[in-house]
Amino acid sequence: MKSLPYWCRGKVVKGFGRGSKQLGIPTANLPESVLEQLPADVATGIYFGWACVGSGDVHKMVMSIGWNPFYNNTKKSMEVHIIHSFEEDFYGEVLSIVILGYIRVERGFDSLDDLIDAIHNDIRMASSQLDLAEYKAYQQENFFRRPDLKRPSIPSA
Ligand code: ADP
Ligand code: RBF
Ligand code: MG
């Protein structure tokens, strides 16, 4: 995929409200405007990369781009599960991400438990990939340090 790494950001919107959170896998949904900008060669499927809420820390993430066949959705979505425990929800905040690699195609499952197992596998896969120097480097990128968001100033080296 020639468009990877792909950088984007958008305000977190309400998703389908299926209670992914109750399953322990909340997904922050990106708005339509971000979805529309995606280059054509970024296929639907499951990806890994880095994500940051507002001007907070940069965390590992897994995401799904697509139609959620398990739920027979008719609407395409981009949903990011950040591999970190947050104290509070962050609807309306700016989520910045870099998509680095493809994990697998989206698919249907016989049960919700099978979907959850697959996502846990994705999380393990993403986590080990992102520890590789090749991918870890992106965590430090300036893209995640927006000058227009308030943050503690970092003394210049
Ligand atoms: P929705 O259907 O509205 O997307 P979810 O059950 O998927 O609802 O929950 C998503 C929301 O949970 C996010 O918009 C965010 O505010 C919050 N959230 C808390 N922790 C995380 C996390 N680790 N990754 C993604 N979203 C999280
Ligand atoms: N939905 C599917 O229908 N099929 C999938 O293969 C699938 N894989 C996912 C992988 C990841 C890493 C994430 C974050 C979501 C995935 N989803 C998939 C979307 C899932 O249906 C959605 O987040 C639900 O709302 C979870 O309960
Ligand atoms: Mg969601």
Side-chain angles (χ1 to χ4, degrees), residues 1-86 88-109 112 114-127 129-130 134-135 137-149:
M1 255 172 247
K2 68 170 170 45
S3 298
L4 299 190
Y6 184 73
W7 304 85
C8 62
R9 59 175 135 239
K11 283 191 179 174
V12 176
V13 298
K14 281 266 176 199
F16 303 105
R18 288 193 200 101
S20 348
K21 208 178 289 173
Q22 280 73 15
L23 308 174
I25 315 169
T27 59
N29 292 55
L30 283 163
E32 202 113 340
S33 54
V34 175
L35 199 54
E36 285 165 3
Q37 300 281 324
L38 262 190
D41 70 303
V42 179
T44 58
I46 313 307
Y47 292 83
F48 66 85
W50 295 100
C52 153
V53 177
S55 55
D57 292 339
V58 181
H59 300 287
K60 294 173 175 176
M61 65 85 167
V62 277
M63 70 181 296
S64 117
I65 301 177
W67 304 94
N68 302 342
F70 182 74
Y71 292 98
N72 294 311
N73 269 10
T74 50
K75 211 165 161 254
K76 200 174 169 183
S77 66
M78 267 174 95
E79 330 180 7
V80 179
H81 172 66
I82 304 176
I83 306 173
H84 177 77
S85 281
F86 289 88
E88 285 177 1
D89 285 353
F90 44 84
Y91 289 109
E93 295 212 42
V94 175
L95 174 66
S96 302
I97 63 170
V98 59
I99 306 173
L100 294 175
Y102 182 80
I103 302 180
R104 63 176 174 87
V105 295
E106 261 199 314
R107 54 188 204 83
F109 293 92
L112 190 56
D114 290 345
L115 170 63
I116 295 170
D117 284 350
I119 297 177
H120 284 146
N121 254 325
D122 299 332
I123 292 172
R124 274 192 295 274
M125 160 79 84
S127 195
Q129 290 289 305
L130 290 163
E134 172 192 354
Y135 294 124
Y138 290 89
Q139 188 180 19
Q140 312 299 332
E141 283 284 339
N142 276 331
F143 181 81
F144 291 119
R145 302 278 69 107
R146 297 180 63 186
D148 55 320
L149 287 178

Enquirer: If you measure from CD1 on I82 to NE2 on H59, what distance do you get to the nearest 0.5 Å?
Expert: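 Nearest 0.5 Å value for the CD1-NE2 distance: 7.0 Å.
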Enquirer: Would you say that F86 contacts P26 through its side chain, given a criterion of any heavy-atom pair below 4.5 Å between the two side chains?
Expert: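 The answer is no; the side chains never approach within 4.5 Å.
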Enquirer: Between V34 and G10, what is the shortest heavy-atom contact and its length?
Expert: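 Between these two residues, the closest heavy atoms are CG2-CA, 4.0 Å.
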Enquirer: Any side-chain to backbone donor/acceptor pair from R104 onto D122? Under 3.5 Å, distance only.
Expert: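 No.
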Enquirer: Could you give the distance from OH (Y6) to CD (Q37), rounded to the nearest 0.5 Å?
Expert: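 So the gap between those two atoms works out to 6.0 Å.
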Enquirer: Hey, can you tell me if W7 and Y138 have their rings parallel, tilted or perpendicular (30° and 60° cut-offs)?
Expert: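 Taking Y138 first and then W7, their aromatic rings sit tilted (interplane angle of 30° to 60°).
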Enquirer: Please report the closest heavy-atom contact between M1 and A43, naming both atoms and the distance.
Expert: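 Answer, listing the atom of M1 first, then A43: SD-N, 4.0 Å.
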Enquirer: Could you tell me which non-hydrogen atom of Q139 sits nearest to which non-hydrogen atom of V58, and how far apart they are?
Expert: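 Closest approach of Q139 to V58, heavy atoms only: NE2-O, 3.0 Å.
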Enquirer: I need the M78 CE to L38 CG distance, nearest 0.5 Å.
Expert: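 Between M78 CE and L38 CG, I get 4.5 Å after rounding to 0.5 Å.
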Enquirer: Set out, in order, the CA-CA distance, both residues' side-chain angles and the distance that settles ring pair (Phe, Tyr, Trp, His ring centres under 6.0 Å) for Y135 and F48, then state yes or no.
Expert: CA-CA 10 Å; Y135 294 124; F48 66 85; 5.1 Å; yes
Enquirer: Evaluate the criterion side-chain contact (heavy atoms from CB on, under 4.5 Å) for residue pair V12 and D89; output intermediate values, then yes/no.
Expert: CA-CA 10 Å; V12 176; D89 285 353; over 6 Å; no
Enquirer: Could you grab the distance from atom CG of L4 to atom OH of Y102, nearest 0.5 Å is fine?
Expert: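 Between L4 CG and Y102 OH, I get 11.0 Å after rounding to 0.5 Å.
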Enquirer: Donor-acceptor pairs under 3.5 angstrom involving side-chain atoms of residues 61-69: please list them, not counting sequence neighbours.
Expert:
unit_1, atom_1, unit_2, atom_2, d
N68, ND2, E79, OE2, 3.0

Enquirer: side-chain hydrogen bond (donor to acceptor under 3.5 Å, both in side chains) for R124 and N121? Distances and angles first, verdict last.
Expert: CA-CA 5 Å; R124 274 192 295 274; N121 254 325; 3.0 Å; yes
Enquirer: Measure the shortest side-chain to side-chain distance between H81 and S20 over non-hydrogen atoms and say whether it is less than 4.5 angstrom.
Expert: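 Result no, sub-4.5 Å side-chain heavy-atom pair not found.
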Enquirer: Can you list the steps and then say if L23 with L115 is a side-chain contact (heavy atoms from CB on, under 4.5 Å)?
Expert: CA-CA 11 Å; L23 308 174; L115 170 63; over 6 Å; no
Enquirer: Identify the heavy atoms of C52 and F144 that sit nearest to each other, and give their distance.
Expert: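 The answer is CB-CD2, 3.6 Å.
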Enquirer: Show your working on side-chain contact (heavy atoms from CB on, under 4.5 Å) between K14 and N29 and close with a plain yes or no.
Expert: CA-CA 7 Å; K14 281 266 176 199; N29 292 55; over 6 Å; no
Enquirer: Search all heavy atoms of G56 against all heavy atoms of R145 and return the closest pair with its distance.
Expert: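 Result for this residue pair: O-NH2, 2.7 Å.
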Enquirer: Is a side-chain N or O of K60 found less than 3.5 angstrom from the main chain of I83, in a donor-acceptor match?
Expert: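 No.
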Enquirer: Roughly how far, to the nearest 0.5 Å, is CD1 of I97 from CD1 of I99?
Expert: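 It is 4.0 Å, given to the nearest 0.5 Å.
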Enquirer: Give the minimum heavy-atom separation between S3 and V42, together with the two atoms involved.
Expert: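 Scanning both residues completely, I find the closest heavy atoms to be CB-CG2, 3.9 Å.
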Enquirer: Just do the side-chain contact (heavy atoms from CB on, under 4.5 Å) check on I116 and F109 with the steps written out, would you?
Expert: CA-CA 10 Å; I116 295 170; F109 293 92; over 6 Å; no
